[in-house]
Amino acid sequence: QVQLVESGGGLVQAGGSLRLSCAASGVAFRINSMAWYRQPPGKEREWVATITRGGSTLYAGSVQGRFTISRDGARNTVYLQMNSLKPEDTAVYYCNVNHVRFETPPVVRTAWGQGIQVTVSS
């Protein structure tokens, strides 16, 4: 079982920055891709950004140019640097890790973090 621990959320004024972190831990697994999702108040959860094992990155149009996803492979940690924050970025942010568990046979699983609140005031 892979566990994810998120940190770095909080309250910030519009135009400010925050950096989210998500550390994965467990035994006998290999991470494929890591991603961030968010769920604004009263809305469905939505995809924000993904970084692949090879380091390729993809972003939702609403955050392109403002958010940067990165990872530290040695620490199994993914980051989301959020700049030029807007009130509409207010949401609970979730870390998502697609990984392979070394079982017989190996299985692909997705783990979710517990969610962390980001609030942007106008």
Side-chain angles (χ1 to χ4, degrees):
Q1 186 100 8
V2 171
Q3 291 83 40
L4 304 179
V5 177
E6 299 158 342
S7 61
L11 173 65
V12 65
Q13 288 189 330
S17 299
L18 282 175
R19 188 194 195 206
L20 304 183
S21 300
C22 172
S25 63
V27 295
F29 71 101
R30 184 196 71 201
I31 291 175
N32 290 332
S33 61
M34 307 180 87
W36 289 95
Y37 286 72
R38 67 186 182 185
Q39 186 165 14
K43 297 184 179 180
E44 297 290 318
R45 189 175 300 188
E46 62 186 23
W47 169 73
V48 174
T50 295
I51 184 164
T52 68
R53 181 171 177 78
S56 297
T57 57
L58 296 167
Y59 297 94
S62 59
V63 307
Q64 181 80 45
R66 300 188 298 121
F67 290 11
T68 301
I69 189 171
S70 60
R71 63 187 288 180
D72 182 336
R75 292 180 170 82
N76 288 332
T77 299
V78 62
Y79 306 97
L80 186 67
Q81 178 66 45
M82 305 184 293
N83 298 329
S84 302
L85 282 161
K86 305 175 181 180
E88 51 263 44
D89 294 318
T90 295
V92 177
Y93 284 70
Y94 296 89
C95 175
N96 171 283
V97 175
N98 181 278
H99 60 281
V100 177
R101 290 174 58 179
F102 296 137
E103 301 175 1
T104 304
V107 294
V108 178
R109 290 285 184 265
T110 296
W112 289 92
Q114 78 280 5
I116 190 164
Q117 180 69 45
V118 170
T119 302
V120 184
S121 63
S122 58

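None of the values given here were measured: they were computed from a predicted structure. Reckoned from all heavy atoms, side chains included, excluding hydrogens, waters and symmetry mates. Along the sequence shown, residues carry numbers from 1.
- Taken from OG1 in Thr52 to CG in Asn32, the straight-line distance is 9.5 Å, to the nearest 0.5 Å.
- Contact of the Val97 side chain with the Phe29 side chain is not registered, since no non-hydrogen atoms from C-beta on lie closer than 4.5 Å.
- Judged by distance alone, the side chain of Thr119 and the main-chain N or O of Thr90 form no donor-acceptor pair under 3.5 Å.
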Please test Asp89 against Phe67 for side-chain contact (heavy atoms from CB on, under 4.5 Å), starting from the C-alpha separation and ending with a verdict.
-> CA-CA 11 Å; Asp89 294 318; Phe67 290 11; 3.9 Å; yes
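- Considering every non-hydrogen atom in both Ser122 and Pro87, the closest pair reads CB-CG, 3.8 Å.
- Between the OG1 atom of Thr50 and the CE atom of Met34 there is a distance of 11.0 Å, given to the nearest 0.5 Å.
- Taking each heavy atom of Gln39 and Glu44 in turn, the nearest pair found is CG-C, 4.0 Å.
- Across every non-hydrogen atom of Ala49 and Tyr59, the tightest pair is CB-CD2, 3.6 Å.
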Can you list the steps and then say if Glu46 with Arg38 is a side-chain contact (heavy atoms from CB on, under 4.5 Å)?
-> CA-CA 5 Å; Glu46 62 186 23; Arg38 67 186 182 185; 2.6 Å; yes
For residues 6-22, which side-chain N or O atoms pair as donor and acceptor with protein atoms under 3.5 Å away, sequence neighbours left out?
from, atom 1, to, atom 2, distance (Å)
Glu6, OE1, Gly115, N, 2.6
Glu6, OE2, Cys95, N, 2.5
Ser17, OG, Asn83, OD1, 2.9

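- Leu80 contributes atom CG, which lies 13.5 Å from atom OH of Tyr37 (distance to the nearest 0.5 angstrom).
- Note: Ile69 CD1 to Leu58 CG = 9.0 Å, rounded to the nearest 0.5 Å.
- In this structure, the separation between OG1 on Thr68 and OH on Tyr79 is 14.0 Å, given to the nearest 0.5 Å.
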Give every donor-acceptor pair under 3.5 Å between a side-chain atom in residues 100-112 and any protein atom, sequence neighbours left out.
from, atom 1, to, atom 2, distance (Å)
Arg101, NE, Glu103, OE2, 3.0
Arg101, NH2, Glu103, OE2, 2.7

Apply side-chain contact (heavy atoms from CB on, under 4.5 Å) to the pair Leu4 and Val2, showing each step before the final yes or no.
-> CA-CA 7 Å; Leu4 304 179; Val2 171; 4.0 Å; yes
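- Residue Tyr94 is not grouped with residue Trp36 when hydrophobic side chains (ILVMFWY) are merged at heavy-atom distances under 4.5 angstrom, including chains of intermediate members.
- In this structure, NE2 in His99 is found 8.5 Å from CD1 in Ile31, a value given to the nearest 0.5 Å.
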